[in-house]
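Letters go in sequence order (proteins before strands), and every chain restarts at 1. Predicted model, so just to flag it, every value in this text is computed and none were measured.
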There are 2 protein chains.
Amino acid sequence: MLRLSTKGQYGVRAMYEIARGYPETPITIKEISERQDVSVAYLEQILNRLRKAGLIRSIKGPGGGYILDKSPENISIASILNELEGPVALTSCLDPEGGCVRVDSCVTHLLWKALGEQVEAFLRTITLKNLITGDFLKVSKGQSVRAKPKSQSIKESKAMTLLKL
Amino acid sequence: MLRLSTKGQYGVRAMYEIARGYPETPITIKEISERQDVSVAYLEQILNRLRKAGLIRSIKGPGGGYILDKSPENISIASILNELEGPVALTSCLDPEGGCVRVDSCVTHLLWKALGEQVEAFLRTITLKNLITGDFLKVSKGQSVRAKPKSQSIKESKAMTLLKL
DNA sequence: GTAATACTTGACAGAAACAGTAGGGTATTA
DNA sequence: TAATACCCTACTGTTTCTGTCAAGTATTAC
């Protein structure tokens with residue numbers, strides 16, 4: 001249950017590749033395509049939306065490509081997925097668009113709401129920088145948090161709290 | 001993103017109705033259908049799977065219906081959803097069935113894994129009893145946890161920790 | 001024993017979402 | 001002006017979802 005679409009998955013992986021070139025080296029779609037094994041045409045769709053959302057910038061012509069529009073520590077996984085898949089909405093009830101007819105009588109309404117909020121909170125704490133440095137991976141494996149205390153931003157330490165649950 | 005299927009949603013709501021009759025009063029599909037506004041035929045499919053999973057028991061003939069096979073505090077939302085939608089698997093990579101070809105090279109693999117585990121942990125802590133007593137709802141609204149200390153099981157207090165994040 | 005109640009099972013079908021392709025266009029550089 | 005590289009829209013096959021339908025089995029009450 002709760003499958004993430006390929007658009008979201010590829011989007012995060014593409015952003016990871018773009019982030020690696022930050023702040024100077026643009027990466028072409030072709031390169032992302034080869035490294036992440038996703039077709040150029042499909043990536044075009046995905047990156048287009050992320051560009052319109054202001055997460056990345058594009059440079060046309062030879063030597064061009066894509067580059068982050070903010071620093072990696074300021075781009076969360078949540079912001080990427082929100083653009084590509086919309087906000088977390090476990091039920092149509094909770095979709096910002098269509099309203100719920102039976103909010104009050106629905107016992108499960110607050111359950112789904114709470115879960116959705118927790119997921120969003122989690123995704124907001126993980127940034128592209130975490131993906132690049134691998135801090136996140138170490139923490140999720142249960143390694144010592146205090147091994148690299150000075151590199152921990154506030155956001156990162158929040159992510160750790162969540163992961164240690 | 002991350003929409004829950006109606007099967008899962010209806011399943012939980014149906015289980016809530018069945019739980020209300022525990023341990024003595026069986027409830028018919030027809031009654032659940034009317035209370036939760038879901039067709040009888042669709043509920044039949046759903047309840048069948050929950051019965052085969054051992055969560056509920058059925059009694060045929062007049063006066064029959066469905067009844068829980070365990071006490072409400074021993075049936076978690078996770079166990080219901082797992083039967084109806086399978087385990088949380090944000091990517092096909094993480095599906096217990098199909099294996100991942102590029103586990104090691106995939107930077108995001110552990111991210112989705114960690115998120116999935118967190119969601120499962122959350123759903124395991126919420127039980128049908130929480131739904132019935134409404135304890136869960138109070139907590140999720142940020143009310144004092146210590147207001148009813150004696151009714152708190154270990155599981156419930158875990159859920160609260162999660163909700164307070 | 002028979003009629004009414006209620007669960008059991010498998011097949012099927014329309015709708016929606018997903019995943020990806022195709023084919024044209026525009027801007028920039030050398 | 002040719003090559004590079006991004007830009008945009010439309011479309012289509014596949015899968016999943018969301019149910020319905022129809023026929024069957026078991027139990028109870030009388």
Peer 1: Measure from the side chain of A:S39, starting at C-beta and using heavy atoms only, and say which of D:dA5, C:dT21, D:dC7 lies closest.
Peer 2: C:dT21

Peer 1: Select from A:K60 and A:L4 the residue whose nearest nucleotide in DNA chain C is closer to the 5' end of that strand.
Peer 2: A:L4

Peer 1: Of A:K52 and A:P62, whose closest DNA chain D nucleotide lies nearer the 5' terminus?
Peer 2: A:P62

Peer 1: Give the rounded distance in Å between these two atoms: CD1 of B:I27 and C1' of C:dA6.
Peer 2: 13 Å

Peer 1: CZ of B:R51 versus P of D:dA26: gap in Å, rounded?
Peer 2: 12 Å

Peer 1: Check the distance between D:dA5's C1' and A:E31's CD and give it to me in whole angstrom.
Peer 2: 12 Å

Peer 1: Write down the distance between OH (A:Y10) and P (C:dC18), rounded to a whole number of angstrom.
Peer 2: 14 Å

Peer 1: Would you mind telling me which of D:dT20, C:dT9, D:dT18 lies closest to the side-chain atoms of B:N48?
Peer 2: C:dT9

Peer 1: Determine whether any donor atom in the side chain of A:E44 lies under 3.5 Å from an acceptor atom in the base of D:dC7, or the reverse, and answer yes or no.
Peer 2: yes

Peer 1: Ignoring hydrogens and angles, are the base of C:dT21 and the side chain of A:Q45 linked by a donor-acceptor pair under 3.5 Å?
Peer 2: yes

Peer 1: Under 3.5 Å, is there a donor on one side chain and an acceptor on the other for B:T28 and B:Y66?
Peer 2: no

Peer 1: Would you kindly give the OH-to-C1' distance between B:Y42 and C:dG14, to the nearest whole Å?
Peer 2: 14 Å

Peer 1: According to a strict under-4.0 Å criterion, is B:S5 in side-chain N/O contact with OP1 or OP2 of D:dC17?
Peer 2: no

Peer 1: Strictly below 4.0 Å, N to O, side chains only: are B:R35 and B:E17 in salt-bridge contact?
Peer 2: yes

Peer 1: Is any side-chain N or O of B:S58 closer than 4.0 Å to OP1 or OP2 of C:dT8?
Peer 2: yes

Peer 1: How many Å lie between CZ on A:R57 and P on D:dA5, as a whole number?
Peer 2: 18 Å

Peer 1: Regarding B:I59, tell me which of base, sugar-phosphate or nothing describes its non-hydrogen contacts under 4.0 Å with the strands shown.
Peer 2: sugar-phosphate

Peer 1: To the nearest Å, how far apart are B:I56 CD1 and C:dA6 C1'?
Peer 2: 14 Å

Peer 1: Using distance alone, with no hydrogens and no angle criterion, decide if A:N82 and A:S79 have a side-chain donor and acceptor under 3.5 Å apart.
Peer 2: no

Peer 1: If Ile, Leu, Val, Met, Phe, Trp and Tyr residues are connected whenever their side-chain heavy atoms lie under 4.5 Å apart, and connections chain through other members, are A:V40 and A:Y16 in the same group?
Peer 2: yes

Peer 1: Nearest whole angstrom, please: distance from the P of D:dT27 to the OH of B:Y66.
Peer 2: 14 Å

Peer 1: Is there a donor in the side chain of A:S5 and an acceptor in the side chain of A:E85, or the other way round, less than 3.5 Å apart?
Peer 2: yes

